[in-house]
Amino acid sequence: MNHTVEKRVGNNIRILREKANMTQEVLSAKLQLLGCDITRSAVAKIEVGQRHLYPDEVILIKQILKVSYEDIFEVENP
């Protein structure tokens, strides 16, 4: 993934998380409960495009936030 795409995907996750009225801490805790070893700091880095997403993380984020893969990976300007 190029950096621009990673930043956009991370921003999408931030927007979706905020729409779900969820903090980074809560999202990371829910991911941990589902077996994903991730910290709040790692979630913050994902949201600003500084950390890569792993496939299992994407699947769990989709489930936790109750969104579609299209919502997460939308890279076109709205």
Side-chain angles (χ1 to χ4, degrees):
M1 243 191 238
N2 72 40
H3 189 65
T4 302
V5 172
E6 287 181 341
K7 285 179 75 170
R8 183 60 193 252
V9 169
N11 190 56
N12 290 346
I13 290 171
R14 180 189 59 80
I15 291 167
L16 295 166
R17 176 184 56 74
E18 289 175 348
K19 281 184 182 177
N21 294 314
M22 192 176 299
T23 64
Q24 292 174 342
E25 188 71 38
V26 170
L27 178 57
S28 68
K30 288 179 180 274
L31 286 162
Q32 290 169 14
L33 287 171
L34 293 172
C36 185
D37 186 20
I38 191 168
T39 63
R40 187 221 46 90
S41 176
V43 170
K45 288 178 180 179
I46 288 168
E47 291 183 354
V48 296
Q50 292 180 348
R51 181 185 174 281
H52 298 294
L53 273 165
Y54 294 99
D56 59 329
E57 294 169 344
V58 175
I59 292 166
L60 294 176
I61 289 170
K62 175 190 174 292
Q63 291 172 0
I64 292 166
L65 297 179
K66 298 178 175 71
V67 297
S68 69
Y69 290 115
E70 290 80 10
D71 292 331
I72 293 172
F73 290 107
E74 175 62 46
V75 291
E76 299 296 321
N77 292 327

Participant: Any idea which heavy atoms bring E57 and C36 closest together, and the distance?
Facilitator: CG-SG, 3.5 Å

Participant: Measuring only between side-chain heavy atoms, which start at C-beta, is V67 closer than 4.5 Å to K19?
Facilitator: no

Participant: Does the side chain of L65 reach to within under 4.5 Å of the side chain of I72, using non-hydrogen atoms?
Facilitator: no

Participant: Is it possible for you to say whether V43 and L33 belong to one hydrophobic cluster, with membership spreading through side-chain heavy-atom contacts below 4.5 Å?
Facilitator: no

Participant: As an exercise, state the distance from CG of L34 to CD1 of I61, rounded to the nearest 0.5 Å.
Facilitator: 11.0 Å

Participant: Report the distance from atom CG of N12 to atom CD of E47, rounding to the nearest 0.5 Å.
Facilitator: 10.5 Å

Participant: Hydrophobic cluster membership, with links at side-chain heavy-atom distances under 4.5 Å among I/L/V/M/F/W/Y: are L16 and V48 in one?
Facilitator: no

Participant: Under the side chain to side chain contact (heavy atoms under 4.5 Å, CB included) rule, what do L53 and I13 come out as? Steps first, then yes or no, please.
Facilitator: CA-CA 11 Å; L53 273 165; I13 290 171; 3.6 Å; yes

Participant: Show the nearest heavy-atom pair for residues Q32 and T39, with the distance to one decimal.
Facilitator: NE2-CA, 4.1 Å

Participant: How far does CD of E6 sit from CD of Q50, to the nearest 0.5 angstrom?
Facilitator: 10.5 Å

Participant: Which atom names give the shortest non-hydrogen contact between Q24 and R40, and what distance separates them?
Facilitator: OE1-NH1, 2.8 Å

Participant: Without hydrogens or angle criteria, can the side chains of R14 and N11 be said to hold a donor-acceptor pair below 3.5 Å?
Facilitator: yes

Participant: Between T23 and V26, what is the shortest heavy-atom contact and its length?
Facilitator: OG1-N, 3.0 Å

Participant: Surrounding NZ of K62 (heavy atoms of other residues, nucleotides or ligands, distance under 6.0 Å), is the total greater than 12?
Facilitator: yes

Participant: Which pair of non-hydrogen atoms, one from S28 and one from I38, has the smallest distance, and what is that distance?
Facilitator: CB-O, 3.9 Å

